[in-house]
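The sequence lines fix the lettering, A, B, ..., with proteins before strands; numbering per chain opens at 1.
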Amino acid sequence: MLIRLAGDPHNFRSLQSTLRAFKPAPASTDADPTSSKTYIWNARLRELAGGGLHLETLALFRRMFLPQNPLPDAFSLPFALRSAAALSLPLTASSLHSFALKSGYLPGDPFVLSSLLSTYARISLLLPLAHSLLYEICATASSTPIPTLIVCFNSVISGHTFPSGDALTLFIHMRRRRDLPFNSITLLALFPVSPLFSIPSLHALTVSSGFQSVPAVANCIITSYAKSGDVNLAQNVFNEMPAPRELITWNSLISAYSQNGLANHVLNLFDEMHISREVQPDPITLVGVLSSCANLGARAFGLRVEAFILTTTNAFSSNTFLKNALINMHARCGNLSRAQEIFDEMPDRNIVSWTAIISGLGMHGHGESALKMFDEMLLQGVRPDGALMVSVLSACSHSGLTVRGTELFSKMKNVYGILRRPEHFACMVDLLGRSGKLREAMELISSMPMDPDGAVWGALLSACKIHRNVELGETAFEHVVELEPTNVGYYVLMSNIYSDAQNLHGIARIRAMMKIRGLRKDPGYSCMEYKGRVQMFLADDHSHQQAKSIYQMVSTLENFARKVENRGAKMVDSDIQVLGIHSEKLAIAFGLLNTEPGTEILVIKNMRVCENCHLFIKLVSKIVDRRIVVRDASRYHHFAEGCCSCKDYW
DNA sequence: CTAGGGTTAG
């Protein structure tokens, strides 16, 4: 039915009017105008489409309808269809459909048929049409050869852009109802658009059908597991692959780690890749590595990567993705001026570059400069997007620019036309909350057009901690715990609110809740970078190879801490005992053992440093010849735990 | 000469 419908000659006229809307191709892109041979025109179409010049492809295709030129044939159509898909032009696509029918290439020609389906599937507006067309082909044309049918299913499956049941349903239909075999390309198309719960069973199917030995399919499975957070399963797939594994395989696992916050694993894997000599890194590898350096504050490692980039070819050093990653790395590892330098020298900035530099400025408390950059960006005609606004709003929040932030927040909707998502509301709650406007923050939450998420209530909760508001804190806590019952950070935050209010009942209640729910506070850890490697210490951790001398150093430091004082504050035996062996103590001891006097010991910690430990570090700092800097890791992630960075800790 | 596919930034 659809085939007939689209065959209306009226549609054929719309092909010509649609194509006429395009500018004619420049002279250099013309086929030899004197040629009457269709294949010469087709070769030119192929060149243009292959080079991504889709407008030019369609223009050339249109010229073939001029009287002196040969008409397009079945070989010309797929090029035009592919370009229509790339430009997402539904009318052009359906006109091409009509032309194909009128010229008799459909429904018989398998190539035209499959490229038409692929085009329909890639234009989101026409995806439902692709479905019905596919069912129609299955129902009517029993003459369609099986390989072509498989290609048709593959095309429509890959036309889906986000995980839903639809593609999976199609796949089940393909196998159960049509009894069609599938191939590796079916799997490559299917994995990325299947719901996460179905990944393990699809993996099993892949193994039983023998397609796991196709590297591309295995890579695809690694990525799918990474998306569903099953890093271990992703790792298993990688380990089961025979060496030498291809670059994309390594990159897939690096991204899997990096997207799941396992920054240390990324650096280790990168080393392993180097040592195994299986492959050489490419820009994609390095983007993942640099982002992990940024998350860890692994400055020396990041600098090594940068040095490597500078020794490579242009393809690396001019890569925009890579430059964005470098800006991010430098900003988060404390070298804002280098970040600014790279940004200033970039000829081809994109929205991500602006986001990186603005969030860097914001993170370091340069809210005014961040806003200046934002204005500059607008002047250059770059349209802000949702992610950029998160860094702009949080820059305001970190610098106390409440009025400007509020203005920008309302401009988002009214001027820039950006959909305001929960993370933007979380920024605003944080902004208002930090400046003590708890009631307004609460009102904003009530006015949200969508249900507030954990980050929103978490921002309110941490504002309640700052301003010691137990009552509102309890409200925020109730909500946040319902939304994210296993996020331990919120329990700790609420417990600290009670502790400030000396509400022992409250503390006991929170402890009991955590116990009943089987929650344990995440182990505290501290990281320190040494010789380009990130050293990680857990509280009371004896696993380090230098453990013995580290513990000796710790007890030396403890003795010092008992003797010195800082503005009247001193530590006594019981303080030291209560403090125990926190991870930062181990990291600092390690730093003292392994670095030269006069250098800086930078420790990144995953949670706030307790008062007692804070004092310990202050006392120790007075007597050692190093500068000890402890930074909270949450400073390096926006709203990572629902509460944001921590100027007030230090 | 023609269709279908995998890895990258916040």
**Item:** Near-ring test A/Phe75/A/Phe79, centroid separation under 6.0 angstrom
**Value:** no
**Prompt:** Residues two or more places apart in sequence or in another chain: which of them pass salt bridge (charged side-chain N to carboxylate O under 4.0 Å, His left out) with A/Arg338?
**Reply:** A/Glu306, A/Glu341
**Request:** Just call it for A/Thr355: base, sugar-phosphate, or nothing, with non-hydrogen atoms closer than 4.0 Å on any strand.
**Result:** base
**Request:** Using the six-membered ring wherever Trp is involved, compare the ring planes of A/Phe270 and A/Phe301 and label them parallel, tilted or perpendicular (cut-offs 30° and 60°).
**Result:** tilted
**Asked** Angle class for the A/Phe61/A/Phe65 ring planes (parallel below 30°, perpendicular above 60°, tilted otherwise)?
**Response** perpendicular
**Fill in**
For A/Pro181, the side chain to side chain contact (heavy atoms under 4.5 Å, CB included) test, sequence neighbours excluded, returns A/Ile146, A/Ile150
**Fill in**
Reading nucleotides 1-8 of chain B from 5' to 3' and marking B where a protein heavy atom lies under 4.0 Å of the base, S where only the sugar-phosphate is that close, and - otherwise, the string is BBBBBBBB
